[in-house]
S.K.: 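Encoded as structure tokens, here's the structure I'll be asking about.
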Amino acid sequence: MTIGANPLDLDRTAIEKLGREAVEFLAGWLAELGSAPASDYDRAAELSALVRRPPAGGPGDFGALLETFREAAGQGVNTAGPGYLAYFPAGGLVSAALAEMLAQAANRYTGVAQTAPALVAMEQGVLTWFCDLFGLPAGAGGLVTTGASPATLSAVLAARQHRLGEDIAGGTLYVTEHTHYCVAKAARVAGLPASRVRTVPATGHLRMDVAAAAEMIAADRAAGLRPFLLVGTAGTTDTGTIDPLPELAGLARREGLWFHVDAAYGGGFQLTRRGRAALAGVEEADSLALDPHKSLFLPYGTGLLLVRDPALLREAHAADGQYLQDIGRMDDLPDYGNLGIELTREFRGLRLWLPLHLHGVRAFERELDEKLDLAAHAYAELAGDPRFETPWAPDLTVIVFRLRGGDEPNRRLLAAVNDSRRVFLSSTTIGGRFFLRLCVLSFRTHADRVREALAVIREAADRCAG
Ligand SMILES: *Cc1c(COP(=O)(O)O)cnc(C)c1O
């Protein structure tokens, strides 16, 4: 490699050469995602040993290093490929990856507005657009985080600060057994004992039982506790089920509780007509978490926190230090370091802004509509096959199913399906019973791969039954 006076400061020729090699590598690699195995552990141990070798004192060869990356990334689950139907697929938009390269190379500081006002405005513009999409009032805002877990932590901190103040003793919050554990984790980090996270019973449809929630809140209050936060989920992780958001919003309002909606998975569907109908009530949220690294196809590490009143986020997080005395406030622009747990942060705005502007909003809507159709089709096919139980029709694009009979044949079925290496599914346990779980969510997954998944499942079912 061309090495100038400072080897770390690549000259223009070197940047162009390395950049070209990297982009060519990327294009070739992405072209093979569909034919690559959905999962592969054959060389995991060997490659893990190889990549653990410490760096040399002198320079390495870029091509050889890329090759090592390609091989290492090929081990495990092909989460970017069309056969990935486990957990929450997203694929990882290449336009977002390119945005990321630019953002990281520019390396502008967005912990405060003053150092990069127009980039902070870019991020704020994206957040405001999302707030509008969810029907939050003017003045709403938020934060781009690395995922729903940190978004939820900041929401819980804001709720705690606003509703309980400095003395948090006796504060209780309300979830169901299907709520993602990031809420309990956030409560723990926020200093609330596990016993203060109340598990409200779910109905047979796996939704929070609103009457039961009202009773628990009343009983806790009568016992001297301080109910402060009600969490509804817009698309649970297990089954993609949406809690009765309008009723929960009403209950939270009547009881003076902060209403947080976990739309980590379901949030993206707000772009579709069907999604907006299913998520009705979300506009009542005091805070809302969603993961563009799930239902907006972005690379991992992209979450959003939207709040009705950003001042409450600031109250829970703002701090100051004399080393920041040169930083002035910019009118109308947030200092993101005061709204969340990070001060120095990567500029995550471009990875949202560029894909949305480049592809246009309708491209995302169409893609998500297709996933809703594909999930409905897969559900109908499995529900129509007498070998399977399918107790819950999908609200969005997660389908759970099992062979009639015990758990063991179902464990065998999951292993057999994944052994095909064409698709990769996951499983969960609901009501003490093992279910296979299929989620259609990647922009790379289309009808052909869903048909293939169904064929693989049907074929394996006969071998595994009994
Ligand atoms: C994935 C998920 C989370 C956690 O989000 P991360 O981005 O993984 O931190 C929270 N809630 C729900 C409903 C989820 O599906």
Side-chain angles (χ1 to χ4, degrees), residues 77 79 84-92 96 130 134 142-157 159 173-190 197 199-200 202 206-208 229-245 248 259-270 275 278-279 282 285 287-306 340-342 345-346 348 351-352 368 371 375 392 394-400 426-428 430 437-442:
V77 181
T79 47
Y84 184 60
L85 306 172
Y87 309 105
F88 288 114
F130 275 104
F134 283 96
L143 190 67
V144 185
T145 67
T146 54
S149 297
T152 303
L153 173 59
S154 283
V156 169
L157 290 171
L173 61 145
Y174 300 83
V175 301
T176 74
E177 63 173 304
H178 304 292
T179 305
H180 193 279
Y181 75 66
C182 73
V183 175
K185 190 198 264 187
R188 179 147 40 103
V189 177
V197 182
T199 305
V200 178
L206 312 179
R207 305 183 206 282
M208 186 182 278
L229 169 62
L230 178 64
V231 178
T233 303
T236 59
T237 313
D238 277 337
T239 55
T241 302
I242 300 169
D243 278 331
L245 302 179
L248 293 180
F259 182 41
H260 175 74
V261 175
D262 181 350
Y265 153 63
F269 290 94
Q270 183 75 2
L279 268 63
V282 70
S287 58
L288 187 162
L290 77 142
D291 264 338
H293 67 207
K294 289 176 180 161
S295 44
L296 288 170
F297 321 121
L298 291 197
Y300 294 137
T302 318
L304 295 179
L305 170 61
L306 306 180
I341 58 173
E342 299 171 296
R345 55 201 292 282
E346 59 194 329
R348 296 185 199 103
R351 89 172 63 141
L352 287 149
L368 288 164
K371 304 317 155 213
W392 304 284
D395 282 350
L396 295 168
T397 65
V398 178
I399 295 146
V400 291
S426 56
S427 70
T428 188
I430 302 168
R437 182 182 171 289
L438 184 158
C439 177
V440 190
L441 198 60
S442 172

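Just so it is clear, the values below take in all heavy atoms, side chains as well, and ignore hydrogens, waters and symmetry mates. Counting starts at 1 for both ligands and their atoms, in listed order.
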S.K.: Does OH in Y300 sit with more than 12 non-hydrogen atoms of other residues, nucleotides or ligands closer than 6.0 Å?
M.R.: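 Yes, because the 6.0 Å sphere around OH of Y300 holds more than 12 heavy atoms from other groups.
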
S.K.: Does ligand 1 come near enough to T236 that some N or O of the ligand is less than 3.5 Å from an N or O of the residue?
M.R.: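 No, since none of the N or O atoms of T236 sits under 3.5 Å from an N or O of ligand 1.
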
S.K.: Please round to the nearest 0.5 Å and tell me the distance separating atom OG1 of T146 and atom CZ of R345.
M.R.: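 Answer rounded to 0.5 Å: 10.0 Å.
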
S.K.: Which residue holds the protein heavy atom closest to atom 9 (O) of ligand 1, what is that atom called, and what is the gap in Å?
M.R.: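 In this structure, atom 9 (O) of ligand 1 has S149 OG, 2.6 Å as its nearest protein heavy atom.
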
S.K.: Just which atoms of ligand 1 are under 4.0 Å from any heavy atom in T237?
M.R.: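 Contacts of ligand 1 toward T237, numbered from 1: 12 (C), 13 (C), 14 (C), 15 (O).
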
S.K.: Without swapping roles, check the side chain of T236 against the backbone of T241 for a donor-acceptor pair under 3.5 Å.
M.R.: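 Checking the backbone N and O of T241 against the side chain of T236, a donor-acceptor pair under 3.5 Å is found.
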
S.K.: Check for a donor-acceptor pair, side chain of K371 on one end and backbone N or O of S442 on the other, with a separation under 3.5 Å.
M.R.: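 Side chain of K371 to backbone of S442, a donor-acceptor pair under 3.5 Å: yes, one is there.
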
S.K.: Please list, in number order, the atoms of ligand 1 under 4.0 Å from a heavy atom of C182.
M.R.: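 Numbered from 1, ligand 1 contributes 10 (C).
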
S.K.: May I ask whether G303 has any heavy atom positioned less than 4.0 angstrom from an atom of ligand 1?
M.R.: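 Heavy atoms of G303 never come under 4.0 Å of ligand 1.
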
S.K.: Contact between ligand 1 and G266 is defined here as a heavy atom of the residue under 4.0 Å from a ligand atom; is it met?
M.R.: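 No.
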
S.K.: Does D291 reach ligand 1 with a nitrogen or oxygen that is under 3.5 Å from one of the ligand's nitrogen or oxygen atoms?
M.R.: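 In this structure, D291 places an N or O atom under 3.5 Å from an N or O of ligand 1.
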
S.K.: Decide whether an N or O pair under 3.5 Å exists between A148 and ligand 1.
M.R.: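 Looking only at distances, the answer is yes, because the N/O contact criterion of under 3.5 Å is met.
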
S.K.: Counting distance only, does the side-chain N/O of S149 pair as donor-acceptor with the main-chain N or O of C182 below 3.5 Å?
M.R.: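 A pair under 3.5 Å: no.
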
S.K.: N/O of T146 under 3.5 Å from N/O of ligand 1, yes or no?
M.R.: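 No; the residue has no nitrogen or oxygen that sits under 3.5 Å from a nitrogen or oxygen of the ligand.
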
S.K.: Identify the residue among L296, L352, D291 that makes a side-chain contact (heavy atoms from CB on, under 4.5 Å) with L304.
M.R.: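 With L304 as partner, side-chain contact (heavy atoms from CB on, under 4.5 Å) holds for just one option, L352.
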
S.K.: Where is the nearest protein heavy atom to atom 11 (N) of ligand 1: which residue, which atom, and how far?
M.R.: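 Residue, atom and distance for the closest contact: D262 OD2, 2.6 Å.
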
S.K.: Quick check on F88: does its CZ atom have over 12 non-hydrogen neighbours (other residues, nucleotides or ligands) under 6.0 Å away?
M.R.: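 Buried by this count: over 12 neighbours within 6.0 Å.
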
S.K.: Among protein heavy atoms, which lies nearest atom 10 (C) of ligand 1, and at what distance?
M.R.: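 Its nearest protein heavy-atom neighbour is H180 CG, 3.3 Å.
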
S.K.: For T239, which of D395, I399, T428, V400 qualifies under side-chain contact (heavy atoms from CB on, under 4.5 Å)?
M.R.: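 Option passing the side-chain contact (heavy atoms from CB on, under 4.5 Å) with T239: V400.
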
S.K.: Atom 3 (C) of ligand 1: which of K294, H178, K185, H293 has the nearest heavy atom?
M.R.: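 The option holding the nearest heavy atom is K294.
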
S.K.: Can you sort out which atoms of ligand 1 are near F88, meaning under 4.0 Å from one of its heavy atoms?
M.R.: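 Within the 4.0 Å cut-off of F88, ligand 1 contributes 15 (O).
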
S.K.: Given T233 and Y265, is the side chain to side chain donor-acceptor pair (under 3.5 Å) satisfied, shown in steps?
M.R.: CA-CA 9 Å; T233 303; Y265 153 63; over 6 Å; no

S.K.: I need the atoms of ligand 1 closer than 4.0 Å to a non-hydrogen atom of G147, numbered in the order shown.
M.R.: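 Answer for ligand 1: 7 (O).
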
S.K.: I'd like to check which ligand 1 atoms, numbered from 1 as shown, lie under 4.0 Å from a non-hydrogen atom of G235.
M.R.: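 Those of ligand 1 that fall under 4.0 Å from G235 are 13 (C).
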
S.K.: Where the side chain of R437 meets the backbone of D238, is there a donor-acceptor pair that is under 3.5 Å apart?
M.R.: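 Side chain of R437 to backbone of D238: a pair is present.
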
